[in-house]
Amino acid sequence: MGMPVTAILGLGREIGDAVARRFSETGHHVIAADPSAERLATARNGVPDDVIFHHGELYTRLGLRNAFTAALEGFGRIDNAVIIPEIEEADTVFDFAKDKFDKAMARSTRGAAMALQVFAERIALQDDLPSVGVERQRQKGTVTFVLSYSAIASMPGRFTESVSQGAVLSVMRAGSIELADKSIRVNAIVAIRPREDKTENWTARRTPLGRTAQGDEIADACRFLASPEAAFITGEALKLDGGRSRLAGVIED
């Protein structure tokens, strides 16, 4: 049986490294793409040697095509995409500036929609891998978006992030319907992710388990959603929030 190929578009903070390791450990060829040479250099130290790296922007059609072409040149096919949109810098509605906001939405929302389009085009041009079992119709491909918790619950001082991440969630839901008849599943993971600023402490205090999701936990969820075991799951947002969404109200300081 041939090995599936997974492309990770955007590395984020620790998340992409963990996802690359998990897919590689479970029998996937992996390519990791990011517009930041610094993030790619850091990731090289924490992932298996056979992971391919691609440096380039990921929110235009050309940039996305180049990333998927790198996968095709390296491994001959593409089966899964894990997309980690960049988290925008902290701001409020009073900081709103049209050009900055438009650029953020182009990176996230337009980039997400184009990624679905380019991925589906690539999938249509290749043969399926051998079927895993006769009892299940084989999926042709999967796309998993990894989003911050602001996609479903805004936080103070995170205006542009909340809007852009929530918009990507809408792209996921609409895309899952559009691509279902192509046997391409589209889902999202909405996680309370590690942060470098005080927002992490603000969130942790309001989370029953008292912490953010670890990179390996997010990676395991990505691996599940891309696997044949999840073959009837599409259009869903899997929450890794430590019980936060079960709270009846906000926990005060």
Side-chain angles (χ1 to χ4, degrees), residues 3-12 14-33 47 51 58 67-68 71 77-85 108 111-113 115-120 122-123 128-129 131-133 135-149 151-152 165-166 168-194 212-242 245:
M3 292 176 65
V5 177
T6 296
I8 303 168
L9 306 182
L11 293 175
E14 303 175 1
I15 305 303
D17 306 32
V19 174
R21 287 195 301 272
R22 183 64 75 247
F23 276 85
S24 180
E25 291 166 354
T26 53
H28 286 234
H29 290 306
V30 176
I31 178 170
V47 303
V51 173
L58 300 172
F68 287 128
R77 62 181 299 111
I78 182 70
D79 297 283
N80 309 288
V82 177
I83 303 173
I84 309 176
S108 58
L116 290 181
Q117 183 186 61
V118 175
F119 179 79
R122 295 299 188 188
I123 290 291
D128 291 347
L129 285 171
S131 178
V132 177
E135 78 287 350
R136 181 186 290 128
Q137 181 179 354
R138 192 197 164 321
Q139 61 194 21
K140 291 183 179 296
T142 72
V143 178
T144 304
F145 293 96
V146 179
L147 305 176
S148 73
Y149 198 64
I152 60 174
Q165 295 275 302
V168 174
L169 192 60
S170 294
V171 170
M172 179 278 291
R173 289 169 174 154
S176 69
I177 301 303
E178 296 291 335
L179 298 182
D181 65 351
K182 308 297 182 185
S183 296
I184 297 173
R185 298 189 295 104
V186 187
N187 293 289
I189 293 166
V190 177
I192 297 180
R193 292 165 51 179
T212 61
Q214 298 176 359
D216 287 343
E217 293 169 331
I218 295 173
D220 286 334
C222 288
R223 179 66 185 92
F224 168 69
L225 287 176
S227 72
E229 285 72 25
F232 207 57
I233 300 176
T234 195
E236 292 295 326
L238 176 60
K239 289 180 287 189
L240 303 184
D241 67 354
S245 58

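Note that the structure is a prediction, hence the values are computed from the model and not measured.
Qualifying side chain to side chain contact (heavy atoms under 4.5 Å, CB included) partners for S170, counting only residues two or more places apart in sequence or in other chains: none. Every residue was checked against the side-chain hydrogen bond (donor to acceptor under 3.5 Å, both in side chains) condition with E178, not counting sequence neighbours, and none meets it. With sequence neighbours left out, the side-chain hydrogen bond (donor to acceptor under 3.5 Å, both in side chains) criterion links H29 to no other residue. Applying the salt bridge (Lys or Arg N to Asp or Glu O under 4.0 Å) criterion to D79, with sequence neighbours excluded, gives R77, R138. With sequence neighbours excluded, no residue forms a salt bridge (Lys or Arg N to Asp or Glu O under 4.0 Å) with R122. The side-chain hydrogen bond (donor to acceptor under 3.5 Å, both in side chains) check on S108 picks up nothing, with sequence neighbours excluded. Taking K140 as the reference, D128 meet the salt bridge (Lys or Arg N to Asp or Glu O under 4.0 Å) condition, with sequence neighbours excluded. When the side chain to side chain contact (heavy atoms under 4.5 Å, CB included) test is applied to A115, the partners found at least two apart in sequence or on another chain are L64, I83. Considering only residues two or more places apart in sequence or on other chains, A113 meets the side chain to side chain contact (heavy atoms under 4.5 Å, CB included) condition with V171.
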Side-chain donor-acceptor contacts of residues 218-228 below 3.5 Å, not counting sequence neighbours, with atom names and distances?
residue, atom, partner, partner atom, Å
D220, OD1, R22, NE, 2.4
D220, OD1, R22, NH2, 3.4
R223, NE, T26, OG1, 2.8
S227, OG, F224, O, 2.7
S227, OG, E229, N, 3.4
S227, OG, E229, OE1, 3.1

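Put simply, CD on Q214 and CG on L240 are 11.5 Å apart, with the number rounded to the nearest 0.5 Å. Taking CD of E236 as the reference point, atom OG1 of T144 lies at 12.5 Å (rounded to 0.5 Å). Rounding to the nearest 0.5 Å gives a distance of 10.5 Å between CD1 of I184 and CG of N80.
Contact detail for A71 and I78: the closest heavy-atom pair is CB-CD1, 4.2 Å. Considering all non-hydrogen atoms of both residues, V168 and F145 come closest at CG1-CD2, 3.8 Å.
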